[in-house]
Amino acid sequence: MAAERLKNYIGGEWLDSDAPQVHEVRNPANGEPLGETPLCGAGEVDAAVRAAKSAFATWRRVPVQDRVQHLFRLKALLEEHAEDLAHIVTRENGKTLSESRGSVRRGIQMVEVACGAPSLLMGQALEDIATGIDCESVRQPLGVFACIAPFNFPAMVPLWFYPFAVACGNTFVCKPSEQVPFSQKLVFELIHEAGFPPGVLNLVQGGHDAVNALLEHPGIEGISFVGSSPVAEHVYRTAASHGKRVQALGGAKNYIIVMPDADMEQAVDAISESAFGCAGERCLAASVVVPVGDAHGRLREGLLAKMREVRVGNGESEGVTMGPLISAPHKEKVVGFIERGVAEGAELVVDGRQVEADPRGHFVGPTLFDKVGADMDVGREEIFGPVLCISPVDSLDDALALTKAHPLANASSIFTQSGKSARAFRYSVDASMAAVNIGVAAPMSFFGFGGAKGSFFGDLKAHGREAFDFFTDRKVFISRW
Ligand code: NAD
């Protein structure tokens, strides 16, 4: 049987792509071929932007309470197909079914919040800013927006953006990761069924060329990007130099501080879930755990015991708690980091390279390094795999200094029973998604999502109320009659 070649969804129709090159998509757990992503270029991006632009003229005039009816229908369809979607996420990305179900739930929650647009889009008004003069501000849609997504949450991440954009009256072009195009294929089938007018939501398949065409296209007002920091910076610079507003969410090296007074059982459970859940392919994953003083020995023992419970395998199989990495090149990269960690003198406490699993899949088991220095590759670079580093320190000040010295600042947590330590952490940590006694500092759909420093390029974060700022212009009227 010929491999399925993905299509674009433009102007309400599924269209074959004429792109000469494709990216082959395989199940990362067993190598099973799933299909081919056409690597579209500027021509197909232009067709999608034109369709979106022409739909905007009508869509922006649809009353907001009517616009969100389409989102209510989409939410119902997503609920109906949530299980199918979770299986697709697992098959194309590798994460376990329960992780996929969780990510689909988080995606649906975005649609729920965007359905609140009639309230959330409201402006402000004040009478008599001078005698007899009134002032009001309204939010207006801007036109066509686009998102560019990473491989690690194929259903959820694009849903961080387009429900909000279209609720505000904009139209949209979505470019999923070429490595995982099937989840958005199903979501766009549901979008079609939900009855959005043609051109309001469009899907273009592709890689670098499609991205660069979106960044430079004069018909696009704004870009939402999620992916690695070097690409985030490229997206930010290029799109901004073409006059667009940009929110570009980048990579991470997340520090977790463990104080001697922490509830160690709670800390160990949360940290191992954070480091090894989704095989470490999460922008909120624990990367470096920093035990303070005598927390070190107890934490290390606890993590060792917990890591023995991890069951590596195909995420669709019962009882498996950790799936494969996304691809052979990514596995090679993660294994390369482990080799370099050993060469740099870190202590390899648990070696995930020898894991027993299907040799056709890209498996690396949970891996633990101790005595990791900030100048080592494993201590400095984003590994994006199930590799946890321990960097012990003597005091909370040392722990905070280590955390703050890193150029990335996506998420960070502290485990402690002391309000004073928690307050010191909260006050000075750079990461803008921070948590106390929680391993994955993930904001819900009604809050903003995004990091700081080299983990985020732009100003307004994803989802929550900030989405309504990103996707609108705030126009002010001053009137005297
Ligand atoms: P990536 O940067 O390789 O790719 C992201 C997107 O950019 C894809 O759609 C890809 O087609 C495109 N792309 C890749 N290289 C490009 C280039 N040179 N020019 C133009 N376009 C390019 O990221 P990934 O490997 O798919 O995802 C993993 C990364 O995403 C990690 O760094 C992770 O931390 C990050 N991430 C961040 C968040 C966050 O909220 N900050 C969330 C999820 C993932």
Side-chain angles (χ1 to χ4, degrees), residues 21-23 25 28 37-42 45 92-95 103 106-107 110 146-161 173-181 183-184 203-216 223-239 246-254 278-287 325-327 329-331 333-334 381-385 407-412 431-433 440-443 447-458 461-464 466:
Q21 289 183 318
V22 295
H23 177 91
V25 186
T37 310
L39 298 177
C40 298
V45 165
E92 67 179 356
N93 168 277
K95 65 180 83 225
S103 74
R106 290 270 179 159
M110 301 298 153
C147 78
I148 298 154
F151 76 80
N152 64 332
F153 285 98
M156 176 185 76
V157 166
L159 286 165
W160 285 356
F161 305 109
V173 179
C174 170
K175 205 281 306 167
S177 166
E178 65 276 30
Q179 300 189 76
V180 288
S183 301
Q184 286 305 310
L203 179 71
V204 175
Q205 310 291 350
H208 304 187
D209 290 348
V211 170
N212 291 326
L214 287 167
L215 303 182
E216 293 171 11
I223 296 279
S224 302
F225 171 87
V226 183
S228 57
S229 280
V231 184
E233 187 168 358
H234 162 70
V235 165
Y236 180 72
R237 286 178 186 279
T238 312
V246 191
Q247 46 181 190
L249 286 71
K253 190 78 176 171
N254 301 318
C278 296
E281 291 173 332
R282 257 196 306 222
C283 69
L284 300 175
S287 319
L325 294 169
I326 186 68
S327 64
H330 189 54
K331 175 179 170 179
K333 185 174 151 196
V334 172
E381 304 288 334
E382 180 179 37
I383 299 174
F384 220 54
L408 301 179
N410 206 42
S412 190
S432 37
M433 294 181 281
V440 182
F447 283 96
F449 190 112
K453 294 181 8 187
S455 292
F456 183 75
F457 299 84
K461 307 279 170 78
H463 59 74
E466 284 173 84

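Note that the numbering runs from 1 along the sequence shown for the chain. Only heavy atoms go into these numbers, but all of them, side chains included; no hydrogens, no water, no symmetry mates. Each ligand, and each atom within it, is numbered from 1 in the order the structure gives.
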Side chains of residues 206-213: which donor-acceptor pairs under 3.5 Å do they make with residues two or more places apart or in other chains?
{"unit_1": "Asn212", "atom_1": "OD1", "unit_2": "His234", "atom_2": "NE2", "d": "2.8"}
{"unit_1": "Asn212", "atom_1": "ND2", "unit_2": "His208", "atom_2": "O", "d": "3.3"}

Give a yes/no verdict on whether any heavy atom in Phe225 is under 4.0 Å from an atom of ligand 1.
yes

Atom CZ in Phe225, atom OG1 in Thr238: separation rounded to 0.5 Å?
11.0 Å

To check your reading of the model: name the closest protein heavy atom to atom 41 (N) of ligand 1, its residue, and the distance in Å.
Gly250 O, 2.8 Å

Can you find a non-hydrogen atom of Lys175 under 4.0 Å from ligand 1?
yes

Ranking Pro150, Ala149, Gly227 by closest non-hydrogen atom to atom 35 (C) of ligand 1, top hit is Gly227

Answer yes or no for atom 27 (O) of ligand 1: protein heavy atom present at a distance under 4.0 Å?
yes

Find the distance between CZ (Arg282) and CZ (Phe153) and round it off to the nearest 0.5 Å.
6.0 Å

Option whose closest heavy atom lies nearest to atom 2 (O) of ligand 1, chosen from Pro154, Ser228, Gly207:
Ser228

I'd like to check the salt bridge (Lys or Arg N to Asp or Glu O under 4.0 Å) partners of Lys453; sequence neighbours left out, ordered by chain and number.
Asp430

Do any heavy atoms of Gly451 fall under 4.0 Å from ligand 1?
no

Looking at Phe449, which atoms of ligand 1 are within less than 4.0 Å of one of its heavy atoms?
40 (O)

Closest protein heavy atom (residue, atom, distance) for atom 32 (O) of ligand 1
Glu382 OE1, 2.7 Å

